[in-house]
Amino acid sequence: VVSRYTGSLEWLVALSRRMLKPGGWLLAHKYDDADERAALDRVTIDSTYDSAEWLPDARAVERRCFAYVRLATRSEPLHD
């Protein structure tokens, strides 16, 4: 799932989860600020996500990055 400037990161993750198979990913173009970084940290609390990180956007004009979130490759949670 790819998104550009749409809603909160937590909302996007919740919505896209229904569209993703295990191992699938969401790439959201977002501002790189403290609020968005905190939202990405909150998303990673869910153990069904394998990774979540910020990726730089070298072509962006201002503080824009990609939030990359990947579901675990297996259907059960990775940890309790």
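For this chain, numbers begin at 1 and follow the sequence in order. Note that the coordinates shown come from a computational prediction; the quantities given were computed from them, not determined experimentally.
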Where do Leu27 and Leu55 land on the side chain to side chain contact (heavy atoms under 4.5 Å, CB included) test, with the steps shown first? CA-CA 9 Å; Leu27 189 66; Leu55 304 174; 4.2 Å; yes
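Here the CG atom belonging to Leu40 is positioned 5.5 Å from the CG atom belonging to Leu9, to the nearest 0.5 angstrom. Taking CZ from Arg37 and NZ from Lys30, the interatomic distance works out to 13.5 Å, rounded to the nearest 0.5 Å.
The two residues Pro56 and Cys65 have their closest heavy-atom pair at CA-SG, 4.3 Å. His29 and Asp57 get closest at one heavy-atom pair: NE2-OD2, 2.6 Å.
Side-chain contact between Leu71 and Asp50 is absent, with no heavy atoms from C-beta onward closer than 4.5 Å.
In this structure Asp33 satisfies the side chain to side chain contact (heavy atoms under 4.5 Å, CB included) test together with Tyr31, Asp35, Glu36, Arg63, sequence neighbours excluded. Every residue meeting the side chain to side chain contact (heavy atoms under 4.5 Å, CB included) condition with Glu10, not counting sequence neighbours, appears here in chain and number order: Ser8, Ala39, Arg42, Val43.
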What donor-acceptor contacts under 3.5 angstrom involve side-chain atoms of residues 18-25, with partners at least two apart or in another chain?
none

